[in-house]
Amino acid sequence: MASLDELPPYRRAQLLWRWAPQGVAFVEDLVRDAEKRPCRLPSPPLGPPGRTLAVSGDDGRFHLERAGRMLCGDAEAADAWSHRQHCGWIEREHGPQEWRGGRLDEEGAGTVVWGSRFVEWSVRATGPGVDPGTVDRPDRCQGGSYELRHLWPPRPARTASIRRLRAALVDALGADCHLCGLYPGAMVDHDHQTGRVRGLLCAFCNRVLEECPHLTGCPRADYLLVPPAAGLNLIYPASQQWRPKEATRQRVIGQLGFDPFEGLHSPL
């Protein structure tokens, strides 16, 4: 049975960082019991097989369509597809604003009130299908399930260095996620300790990859041990790497009682 200390030092530090609020004992149990809870890959996207296209709708947005089915719609009636979308926002002292994620309990955040509602409407296709990757993000339909949103290909990265890395990964290994192979690759994934690029991941796999508690024997652990892009020798630009705020770092250290990255070469 594996233990936390058997993980490579950087993976051990990442797990401790991720689960710092639960404490070290929780992470030790997580790794020890990992064989009972194997990591799962994302579920296959809904809808019939075939090529996915983006079609314009009479609501002014583009919608994903495959084999005659509008994937973001629930049911077809009179050549129109019913849609349902959850909309959320926050209200501060100066009025409502779009919720873009992040922490709301930081100093200076002020009083925050949540607001949300479900919106329903029907859509008819009004034009031929086009490559979904050519549709700007604001013009994409956000209806349907959360998973469906990740079938939209990512827009080009804002920096030329990341665009070059993505192009190299697509040319060598394909445009779909290099771990699950089910969704378009959205994120250039890299080892935060060495800076070496590991592959191209969909939003699902990128979000949960570092939570893998297994040494071997699961797709995520195998990906981390032998990254698909290892032979390409690509280096992620240090200027683009994420770094937490000092307040966040001190909070994690306070929760654990130590710095999990102490002694490790790390951008954290």
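These values consider heavy atoms only, across backbone and side chains, with no hydrogens, waters or symmetry-generated copies.
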Closest approach of [X] to [Y] (non-hydrogen atoms, all atoms of both residues):
X      : Y      : value
Ile162 : Thr159 : CG1-OG1, 3.1 Å
Arg140 : Trp152 : NH1-CB, 3.3 Å
Ala157 : Arg163 : O-NH1, 2.8 Å

Can you get from [X] to [Y] by hopping between Ile, Leu, Val, Met, Phe, Trp and Tyr side chains that sit under 4.5 Å apart?
X      : Y      : result
Leu173 : Leu234 : yes
Trp19  : Ile253 : no
Tyr183 : Val208 : no
Val197 : Leu200 : yes
Leu232 : Ile235 : no

Could you state the interatomic distance from [atom1] ([X]) to [atom2] ([Y]), rounded to the nearest 0.5 Å?
X     : Y      : atom1 : atom2 : answer
Asp58 : Trp121 : CG    : CH2   : 11.5 Å
Arg51 : Asp131 : CZ    : CG    : 6.5 Å
Asp74 : Arg84  : CG    : CZ    : 8.0 Å
His83 : Gln142 : NE2   : CD    : 11.0 Å
Arg61 : Cys72  : CZ    : SG    : 8.5 Å
Arg11 : Glu211 : CZ    : CD    : 11.5 Å

Within the supplied structure, the quantity of interest is the number of heavy atoms (other residues, nucleotides, ligands) at a distance under 6.0 Å from [X] [atom1]; does it exceed 12?
X      : atom1 : result
Asp79  : CG    : no
Glu262 : CD    : no
Arg40  : CZ    : no

Derivation and outcome, side chain to side chain contact (heavy atoms under 4.5 Å, CB included), residues Arg69 and Trp81: CA-CA 9 Å; Arg69 175 181 174 183; Trp81 291 86; 3.7 Å; yes
Check whether any side-chain N or O of [X] sits under 3.5 Å from a backbone N or O of [Y] as a donor-acceptor pair, and report yes or no.
X     : Y      : answer
Asp59 : Val123 : no
Arg66 : Pro48  : yes
His63 : Ala125 : no

Sub-4.5 Å side-chain heavy-atom contact between Gln255 and Trp17: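 Gln255 does not reach Trp17 side chain to side chain.
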SB check Arg198 Asp189 (cutoff 4.0 Å):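 Here Arg198 pairs with Asp189 in a salt bridge, since their nearest N and O are under 4.0 Å apart.
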